[in-house]
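So the structure is just underneath, and the comments pick up after that.
First the proteins, then the strands, lettered A, B, ... as listed; each starts at 1.
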Amino acid sequence: MRIAWRVTAVLSGLVTVAAAAPKSGGADAFGLALLGGFAVGLPLLALLPLALMVHAWRPALVDRVAQAHARRGTASLLIGAGLLLALVVLSGILSKLHAGALLVPLTAGTVGWLTVGLAGCSRRLGQRLSGQTPAADRPGALVIGWLVRCGAAAAPAVWPVTAVYVIGTALGAPAVALFLKSAAPEPGAG
Amino acid sequence: MTGAREPDGCADARRALLSNPGSVPPAHVAVCADCARFRKGLLRVDAALETAALEAGKSRLPAELRARVLAAAGTGAARTGGRSGPRGVSEPRGRLLELMLRAGAVAAVLTGIAFALPEALWAAELDADAVGRWTGRIEQALRAPDAVLLDTTHLSPALLPLDVPPVEHAGAVGIVALALLSSGVGLVLRERAR
């Protein structure tokens with residue numbers, strides 16, 4: 001998990017530095033608005049292999065999250081937004097307390113939770129895009145959905161909104177899956 | 001066959017024909033004219049049923065029946081809050097409410113992050129120097145002699161832009177977070193109760 005945290009941290013840092021590199025003394029605000037989304041989209045993309053491993057080992061878990069997201073998308077976003085804000089507050093408090101070490105387990109847990117959630121959301125989106133039924137259990141759908149969601153999170157200019165939406169739903173979907181009773185796949189739903 | 005006594009084997013052969021009409025006929029049918037006629041009659045009925053099924057598949061529902069089916073589907077969707085109708089189609093008002101809830105949640109997160117960010121960084125739209133200082137801090141941390149070891153306690157303060165959020169802002173953001181969480185959980189519990 002430390003490795004995952006380090007890789008994510010370094011990727012985020014490198015991408016942010018690259019986005020702000022044109023002016024070494026100060027960043028270009030226009031460049032930040034245009035390319036800042038890559039600081040979100042690329043780390044999310046780096047989590048794709050982890051998501052595929054989760055899909056290979058625990059397909060039922062991914063399926064359950066996908067069902068939760070399809071049935072209660074708004075609740076997923078509301079809970080995810082709440083969790084995101086709670087993380088922001090918690091990170092601020094930890095930073096204020098100079099307890100950087102505590103950020104490691106917090107980030108590791110968040111990354112794992114986010115991976116499971118984003119895998120569920122991406123799988124359903126990929127199934128829709130490739131015309132598969134929810135019963136089809138092919139990792140290709142997960143990859144397609146994941147790429148689309150990462151691209152949406154990195155979209156120029158609108159990335160703050162899309163990134164919050166993508167990450168918020170991904171954080172909330174596993175929580176909704178914990179609450180909802182398991183149900184049979186919706187006929188013809190995609 | 002009415003009134004006459006059936007020869008031995010006819011009853012068994014006809015029972016076999018009725019239970020498995022498409023199967024190979026019993027040997028008795030080949031030597032009994034009555035049973036052969038009985039089998040031909042069964043085959044004619046099967047052919048007529050098959051033709052009728054094909055025609056039914058091609059024809060449209062009568063308009064009245066179609067309207068009744070659609071009305072029943074609409075009532076079902078409305079009764080279940082527009083989420084679990086036969087086609088999963090929501091009512092327009094429900095969809096608008098969900099859209100507003102989603103937009104509100106995204107706006108709340110963006111506002112919360114803006115509150116938690118240091119003011120200089122928050123105002124980077126007008127003065128980008130704060131972002132430059134932040135990225136410079138990250139660059140410095142990455143170029144540090146021990147950067148090879150990637151000490152997380154060394155890197156995390158540099159990566160984190162949340163220097164010192166004012167306590168009152170953190171409290172407000174926390175309250176908004178709680179409100180979002182509770183409303184989301186409330187929605188899920190309502191669905192679960194159905």
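A donor-acceptor contact shorter than 3.5 Å links the side chain of A:Arg64 to the backbone of A:Ala177. Looking at A:Ser122, its side chain never comes within 3.5 Å of a backbone N or O of A:Ala119 through a donor-acceptor pair. Side chain of A:Trp113 to backbone of A:Pro174: no donor-acceptor contact under 3.5 angstrom is found. The backbone N or O of A:Leu44 lies less than 3.5 Å from a partner atom in the side chain of A:Trp146, making a donor-acceptor pair.
Listed options A:Ile79, A:Leu84, A:Thr169, A:Leu77 were ranked by heavy-atom pairs under 4.5 angstrom with chain B; first place goes to A:Ile79. Each of B:Leu101, B:Leu187, B:Val185, B:Leu181 has some count of heavy-atom pairs under 4.5 Å with chain A, and the biggest count is that of B:Leu181. Note on B:Gly184, B:Ala179, B:Gly174, B:Ala108: by heavy-atom pairs under 4.5 Å with chain A, the leading option is B:Gly184.
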